[in-house]
Visitor: 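So that we are looking at the same thing, I have put the structure below in structure tokens.
Every chain is numbered from 1, with letters handed out A, B, ... down the list of sequences. All heavy atoms count here, side chains included; hydrogens, waters and symmetry mates do not.
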Amino acid sequence: PRRIPNERDLVMAMTDADAEGGALDYFDQNFLKNWAGPEHWKLRKVIRRPEADTNAATKATKTRGKKEGFKIDFLSPPDPEKDLKEIAKELFAPVTKGAGINLPGTGATAKKSKKKTKEKKDEHLLPDDMHFSSRQLVTLFLKPKFFLKMRGRKARLDENGDDVDEN
Amino acid sequence: MPGRVSQAADSPLTLLRAAIPKIFDQAQVSANNHQKNFVALYKLHIEGSKHTELVRNGQGVRLVGEKTFEEVLNRLLLLVLPLKKGTSQADRILKFVGGYTKFVNEKAAEEKSAQEGDDEDEDTTASRFTAHLLKFLLKGFESKDKIVRYRVLQTVAEMVSHLGEIDEDIYTSLRAALMDRVSDKEASVRVQAVIGLSKLCGSEDPAEVEEGETVLDVLLDTLAHDTAPDVRRAILMNLTPNATTLPHILARTRDTDPTIRKVVYGTVLKDNLMQGEEEKTMGPTHPRALTILQREQIIRNGLGDREPSVRAAASALLGLWADIVAMKSEEDQDQEDVSVERGVLNLLELLDVGVSTVAADALLSIFTSRVDIFENIEFGDRFWTSLTPETAFLARVFVGHCKAINDDVRLESTLPVVTALAFRIQESYNDLLDDIRDHDDQILLGGLTEDERNQKEDELLDREFVLAEILRLAVNLDYADEIGRRKMFQLVRDMLSKGELSEKLIPCCLDVLRKLSSNERDLIRVVVEIVHDLRDPDEEDEEDPIDDAETSYSATPATVKPQRMGLFTKPPAERTPEEAARAKTIDLKCLTLCIGMLERVNSTFEENSTLDGVLQDLVIPAVQSKDLDMRSKGFVCLGLCCLIARRLAIGSVGLFMSQIKSSPDELKLELIKTVFDTLMVHEQAFTKQGIDLGPVTESLVNLIGTEADEKVQALLCMGVSKLVFNGMITDNRALKNLIMAYLSPNTVSNQELRQCLTYFLPAFSYSASSHQKKMCEIFLSTFSQISDVRRKLEDDQEMVSGLQVGMMFVDWTDPLKLSKAADAQGHISDSNGVNDFIQLEMATNIMMALLKPENKDEDDMKILVQLLSKLYIPDKVDDDSIRTLKLLLHNYSMRRPLSDATSNRAFTKFDTAISERFAKQLEDFSEEEYKQLVELKDIAEFLDDLIPLDDSEIIDIEPKKKGRKRYVASDSIISTTTEGDCSDSPPSSKQGKKPKSKKRRLSTSDDEDPEEDDTQKGSPAPPKRTLPKRAAVINKKPPQVIVISSDDDDDDEENTPGPRQKRLALSPRYQTNVKKEEKPDQEINDMLDDDSSELSEPPHDSIMDPDSDEEQDEVNDLLTED
DNA sequence: TTTACTGAGCTACACATC
DNA sequence: GATGTGTAGCTCAGTAAA
């Protein structure tokens, strides 16, 4: 599966998966993030039920009132005490101690380390998306045109989940 | 100096000091007034510049006015620089300064050209201003304040494009300074630096760069490697697309950040389609300017994106592509035929409709996002008579889309009638056949040059493709008309009967045939007949083109033809090489035909007696063939038969299994697929008949760890996942092995495997409370095993961190996730089936693991403690559970073997949190009392077994093989060993609901939990549990691709060479299979004996017994047709 | 208009370094 | 062990989407 299911596939799924496959749609919808394998895995917590949400609505309009009242004060006369150069010196003062302003691993020794780290640098690319979905869990390898109806799974949420449908 | 100016000069300078701030004050409010204020400021600038002083006795001129102007401006700028990011006022001011730089330099350029002839290098007010401002800002590049750096760089970035002409040395230092800031610690600073550089790099000539990287090199490197998406995006948006940069830009269609991907489609690719003043010339990202690979990359990645917004952007882009390619090319823009079809067809020509699904996806996307295009597509009269690959493709996809959206009206108005189309197909098929024969003759005669030959072959391929497309389209035709229906049926049937039919057309033909057959039986019968015809062609006159005489398809003889002496009745040994080759070709085609047919049917084998002949004559000989291709197809065919023939399946699973190990990967894949599918379909029936599938599934599970080929690994994981997911494998080891494979460093590059499991593991966990329970059960042992793997990691291998692994388990066992999924699936009634206390159990398990002295890996313990706080403990828990936990916590705080402060803190936090939350229930907590409680007896004993803290350290040092030293602590009872590391299950009963006092074992090993390592169990078998033995077992482990548990559970069975036999002994039914597996060759021969004398009575003729209705129903029910 | 998601800023803590 | 830096978790505000 290297391709996003197109409409034909989806229609096929809809016409027939209604019985049981529909239940798995939830996973297809909700696993859209976190598809790319363990290294890209991220914990996504469910938001606890917001019990009181009725009074929160009115607050939005209130905050709208105060909008950008701020203005930079260009008009006041400059502080005669402070010379332009002094201010500049102050603002532009470079770091004296501690961590520099550059990323660790760069700077003076960069030339050596660059070649070493270059291979390991993350390219920030996603892996090939195999578009794995519930479909693959309920179809056969040899007969992809058919869906398995997992009748046994209707009791899925029972306490003894390993039961098998017995009719 | 200001003090020294004369009275007369004072007033203009004072004016400057007063007026500039006013302009800035306005400029900060809105960008609308900027243009006006440029003029105003410029006026002040020029006026001021007229004020000069003579110095050094008139030998030099001091530009007092300009200097003042610059100083005032700098001072104002200094007010802005410390303002944090996001202050729009500051942004506007800096924009204003940048804009003014542009303004002033343009004015200077105008003036210069007005008074042309003067020498070039003359300083102007503008150039002096620019240089001064730049020098001023350059001083701020290394400020310690990140905000100042950000603002300084922002100002510079605004200015860079409009610097006019500047001194070489200023340029050099600016360039160096910007390059330096690309590695700034702050992403926001880097963003501004790369924006500046990207404006600089256009003017840079690589030839002039003596050493080091060019600006472009740095930008392209940063585009790919910078950790901050913002930085990458900034480069992307400011880089000019061209032949050099485009590949790098397109690579970003798979950037990890969705907004970047969106920018590629919605900004970069879209805005550079056209260029020139009126956007009339082809731009760098015009589809015609791209290579076909690039176009396909763009479409595939865009439409295949997980993010809907990216897909939408890609879709919109494709719509634009269709618009702009509608015009043929540069010259004839005002050409007649600018219909929507033209655009779409031109676009299709730019793609390759023949290979891959990109073109179809693109087309469908355009149909959906650009309804205007879809609705205006019409197929004129001439359309159907002059089909090209593109038009046929368009028609097919169009019809498919109409069908998909149930647009019957449009469908009817566009589609030709069946009969007409049938004749069309027939005609082109006959023509094609003739031409193919002509062409073959030509080749024989040698009258063609290489070019002519290739050209002709391309043309024939095209026509074949057209035919395939029309056949696909034909599936969606309306067959209410009986005449057309018959015509089409006969046509397709005849086509399939021709030996020349390309294999590519077989699936299309079968789809049509299936649609036209009244039921599956008919379809099967017809295909079987065709197979007979193909293998026994004498009766047919195969030279005849398909006859369009009306033949009733229902009149086709249903009986199997009598055997005659033909190619296939001749014993293979007597065939000439030519005959053998021809026979093979035909057999392969027949197998393809059968596979295609079997894929499309689901009625049982027993209902279709005609299949038996095919099985005997074709499939079984193929399986026995030495030819790999043949064998592979034979096995697929046999596997497909098994899916609809239970008895055949029962006999064949062993065969498939036995063949797996010795087969080449290609065949192995098919065999494994077959086994999994068979299990999926027949598992219930097998179980009902008392067949123990354990050994089969077990060896499949074990194969995950031993197979080297990625595809095979992935397939195994997928198959096992399916079986576990659907409850056909309940053994926890399967689940555990899947997780090991998931996280193993050896599968990092196996995306198929990893993505499968990324889906499966949570889906499994969130689909049943019992599944979460399993996850809970295997957590600790899996966790420690993964840690083992991590410790042995090679330098170049990578693996997710232990905390990450732990977090995954916490996530998988989160009851909130389960109930959410259950609710969404409409299982609301079942949501009380969600076990809210599952992570309380996890906590108890973790605590017990922490208490065990032999768990001493600092890192692991630390992670476990950290995980405690992530667990969900519901507000209401029963007394026993919480008291058990508290007892463990209490003991741990007494004995705490933790050394590092972090863990201590985390533990204390959790302990107090629990104590406070459940204060009421724990009110009268006292250790001694609780130990007496029956409910907690197991725990109490567990704790008593623990060696007191003081001594445990001795134990750690002492090797285990010497036997456990026992220490009598004041309040502990001497007991048997408490060996083992992380054991999975708590000895406690579930929430104390079923108070039962178990035998004293560290861990329960009930049926659900075969997890326990033998060495971990408290079972009294000391000799087995010595360290050397364990080490030996580890060493014995065969070289594995994925390190799967070696000290795994149920050692006695698992690591012995023949676990299968041992297990099978329990199941008499299975023993036969064992024998088969032991002697695969013998078994094949037994089962697949194709001695023709036995044909009428095959060894397994029993499968021909009509099955009970019940069984048929079962198979039918199980599979649902698309 | 409401809602959800993202991004910035803050705080606290962990980790490394001396 | 004191120090400073880096990072994770949290909250809030702003924006985009419904």
Visitor: Calculate the interatomic distance between B:Tyr150 atom OH and C:dA8 atom P; express it in whole Å.
Guide: 10 Å
Visitor: Taking atom types as modelled, find out whether B:Tyr742 and B:Thr758 have a side-chain donor-acceptor pair closer than 3.5 angstrom.
Guide: yes
Visitor: What is the distance, to the nearest angstrom, from the CD1 atom on A:Ile101 to the P atom on D:dG4?
Guide: 20 Å
Visitor: Looking at A:Lys33 and B:Glu307, is there a salt bridge between them, counting it only when a charged N and a carboxylate O are closer than 4.0 Å?
Guide: yes
Visitor: Roughly, in whole Å, what's the span from NZ in A:Lys42 to P in D:dA8?
Guide: 12 Å
Visitor: Charged N to carboxylate O under 4.0 angstrom, B:Asp257 versus B:Arg233?
Guide: no
Visitor: In terms of ring plane angle, is the pair B:Phe783 and B:Phe779 parallel, tilted or perpendicular, where the classes change at 30° and 60°?
Guide: tilted
Visitor: Compute the angle between the rotation axes at the two ends of the helix from C:dT1-D:dA18 to C:dC18-D:dG1, each taken over five pairs, rounded to 10 degrees.
Guide: 20°
Visitor: B:Asp811 and B:Lys870: salt bridge (Lys or Arg N to Asp or Glu O under 4.0 Å), yes or no, with the steps?
Guide: CA-CA 9 Å; B:Asp811 190 41; B:Lys870 317 269 191 238; over 6 Å; no
Visitor: Between A:Lys45 and D:dC10, is there a contact of a side-chain N or O with OP1 or OP2 at under 4.0 Å?
Guide: no
Visitor: Looking at B:Glu142 and B:Arg149, is any side-chain nitrogen of the basic one under 4.0 Å from a carboxylate oxygen of the acidic one?
Guide: no
Visitor: Could you label the plane-to-plane angle of the A:Phe132 and B:Tyr759 rings as parallel, tilted or perpendicular, counting under 30° as parallel and over 60° as perpendicular?
Guide: tilted
Visitor: Check B:Lys862 with B:Asp859, please: is the shortest side-chain N to carboxylate O separation under 4.0 Å?
Guide: no
Visitor: Please determine if B:Arg151 and B:Asp145 form a salt bridge, counting it only when a charged side-chain N lies under 4.0 Å from a carboxylate O.
Guide: no
Visitor: At 4.0 Å (heavy atoms only), tell me whether A:Lys33 reaches a base, stays on the sugar-phosphate, or touches nothing.
Guide: sugar-phosphate
Visitor: Using heavy-atom distances to pick each residue's nearest nucleotide on DNA chain D, tell me which of B:Lys262 and B:Met807 is more 5'.
Guide: B:Met807
Visitor: At under 4.0 Å between heavy atoms, how does the protein contact nucleotides 9-18 of chain C? Give one character per nucleotide, 5' to 3', with B, S or -.
Guide: S----SS---
Visitor: Please state how far atom CG in A:Leu32 lies from atom C1' in C:dC5, giving the value in whole angstrom units.
Guide: 15 Å
Visitor: Can you measure A:Arg44 atom CZ to D:dG9 atom P for me and round it to whole angstrom units?
Guide: 15 Å
